[in-house]
Trainee: 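One structure follows; several queries about it will come next.
A, B, ... follow the sequence lines: proteins, then strands. Residue 1 opens every chain. Hydrogens, waters and symmetry mates play no part in the numbers below; they use all other heavy atoms, side chains included.
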There are 2 protein chains.
Amino acid sequence: MPRTTTRTTLAKRITSRGRRLTKQRVIVAQALAAERQAISAQELHQRLHHGHPRLGLATIYRALEAQVEAGMATRLERQGHVSAYVACVSEHHHHLVCTSCQRVEDVDETILRPVLRGIRDRHDFQVDHERLDFYGLCARCRREKAAL
Amino acid sequence: MPRTTTRTTLAKRITSRGRRLTKQRVIVAQALAAERQAISAQELHQRLHHGHPRLGLATIYRALEAQVEAGMATRLERQGHVSAYVACVSEHHHHLVCTSCQRVEDVDETILRPVLRGIRDRHDFQVDHERLDFYGLCARCRREKAAL
DNA sequence: AGGCTATTGAGAGTCGTTCTCGTAATGGGG
DNA sequence: CCCCATTACGAGAACGACTCTCAATAGCCT
Ligand SMILES: [Mn+2]
Ligand SMILES: [Mn+2]
Ligand SMILES: [Zn+2]
Ligand SMILES: [Zn+2]
């Protein structure tokens, strides 16, 4: 995912909607693409403040929204009513939260397909988006507990 | 679910936690039990204002939170960062929330088994409890939209 | 009943997000 | 390449859902 690729994709998807390719949108898009986790607008603002002190928070919100519209990012609802954004298109991703060490892993999304199919077939319900969080013990914490 | 049942259940579950059975909590619990769809604190506040003009919004938030803690309700995250609450019978079940009519169905739990197995096998993660909410269109709303 | 203390109501405060508005930049047409 | 309508930006105010503060009230226990 080189910077030039991000810029080219952005140019195509943004301008084809009658919007303009601004420096700020490029900066935000590249920063989001560099993240491998979901990140909030405010976190992104702090992170970019060193290199781009004049980049405003509202602009980041608008740039992220434009990317969602363009299909280049997804908005997740984080707990505490905070939106977080992830680069890449297709699906949300879901989390395994370790109740011992508090670390978070991403769920392998392919695991969820049978569930979505089951819901469609058994409940006749068309899922648009879902929020899935699993709480428990990660492999490392389980080994540590076993060692005691 | 008669009013007396709601009151009795509430009394047991609230007072056993060292909390007090107040008029306000009873009013909110009965109103929530009477709803068959998820409802926000503010909607509940408006709805109750006629009969109980002195019932405060903060009290409704606190009463709903107490019910969630007591295992009698679930909080759902609605789009636009609004929490919605549903009365619940048992503690551990999952929901299909229709984003059009706001009705809530319980998920057939057997559908979820392959997911839990997949998480154990693929992620080496021991799930203790999980929170699953699916948002989309129910069968009825989908038919209504198709008819237009 | 009487006292301890959880809870209430009203409003102020918090915080993420969006809006307003004057200024600056973009990009298509000349 | 330069114009210029139009889109976007930055700063701060506004907004909305939710939480906190605090004095007054009301459950609960003896
Ligand atoms: Mn993640
Ligand atoms: Mn339920
Ligand atoms: Zn762990
Ligand atoms: Zn519906």
Trainee: Taking atom P of C:dT7 as reference, at what distance in whole Å does atom CG of B:Leu64 sit?
Mentor: 15 Å
Trainee: Short question: side chain of A:His81, backbone of B:His81 - any donor-acceptor pair under 3.5 Å?
Mentor: yes
Trainee: Sort out for me which residue in A:Thr5, A:Thr15, A:Leu21 forms a side-chain contact (heavy atoms from CB on, under 4.5 Å) with A:Leu10.
Mentor: A:Leu21
Trainee: Which letter, B, S or -, goes with each nucleotide of nucleotides 12-19 of chain C from 5' to 3', with contact meaning a protein heavy atom under 4.0 Å?
Mentor: ----SBBB
Trainee: From CZ of B:Arg17 over to P of D:dG27, roughly how many Å is that when rounded to an integer?
Mentor: 21 Å
Trainee: Check whether any side-chain N or O of A:Arg25 sits under 3.5 Å from a backbone N or O of A:Arg20 as a donor-acceptor pair, and report yes or no.
Mentor: yes
Trainee: In this structure, how many angstroms lie between the C1' atom of C:dT8 and the CG atom of B:Leu21, rounded?
Mentor: 15 Å
Trainee: Any chance you could lay out the side chain to side chain contact (heavy atoms under 4.5 Å, CB included) test for B:Leu55 and B:Gln24, step after step, and finish with the verdict?
Mentor: CA-CA 7 Å; B:Leu55 184 55; B:Gln24 290 87 346; 3.4 Å; yes
Trainee: Write down the distance between CG (B:Leu76) and P (D:dC18), rounded to a whole number of angstrom.
Mentor: 12 Å
Trainee: Rounding to an integer number of Å, can you tell me how far B:Glu69 CD sits from C:dT7 P?
Mentor: 10 Å
Trainee: Return the minimal non-hydrogen interatomic distance between A:Arg75 and A:Ser83, and the atom names on each side.
Mentor: CD-OG, 3.4 Å
Trainee: Salt bridge check: are A:Arg13 and A:Glu69 linked by an N-O gap of less than 4.0 Å?
Mentor: no
Trainee: Please report, rounded to the nearest Å, how far the C1' atom of C:dT7 is from the CD atom of B:Gln67.
Mentor: 16 Å
Trainee: Starting the side chain at C-beta, find the nucleotide from C:dG9, D:dT7, D:dA11 nearest to A:Arg54.
Mentor: D:dA11
Trainee: Measure CZ/B:Arg20 against C1'/D:dG27 and give the value in whole Å, please.
Mentor: 5 Å
Trainee: Can you find a side chain N or O atom of A:Thr22 that sits less than 4.0 Å from OP1 or OP2 on D:dC9?
Mentor: yes
Trainee: Using heavy-atom distances to pick each residue's nearest nucleotide on DNA chain D, tell me which of A:Arg25 and B:Gln24 is more 5'.
Mentor: A:Arg25
Trainee: Whole angstroms only, please: what is the CG-P distance between B:Leu10 and C:dT7?
Mentor: 12 Å
Trainee: So, is B:Lys23 close to the D:dT25 phosphate, meaning a side-chain N or O under 4.0 Å from OP1 or OP2?
Mentor: no
Trainee: The test is side chain to side chain contact (heavy atoms under 4.5 Å, CB included); show your working for B:Val115 and A:Phe134 and say whether it passes.
Mentor: CA-CA 11 Å; B:Val115 186; A:Phe134 298 87; 3.9 Å; yes
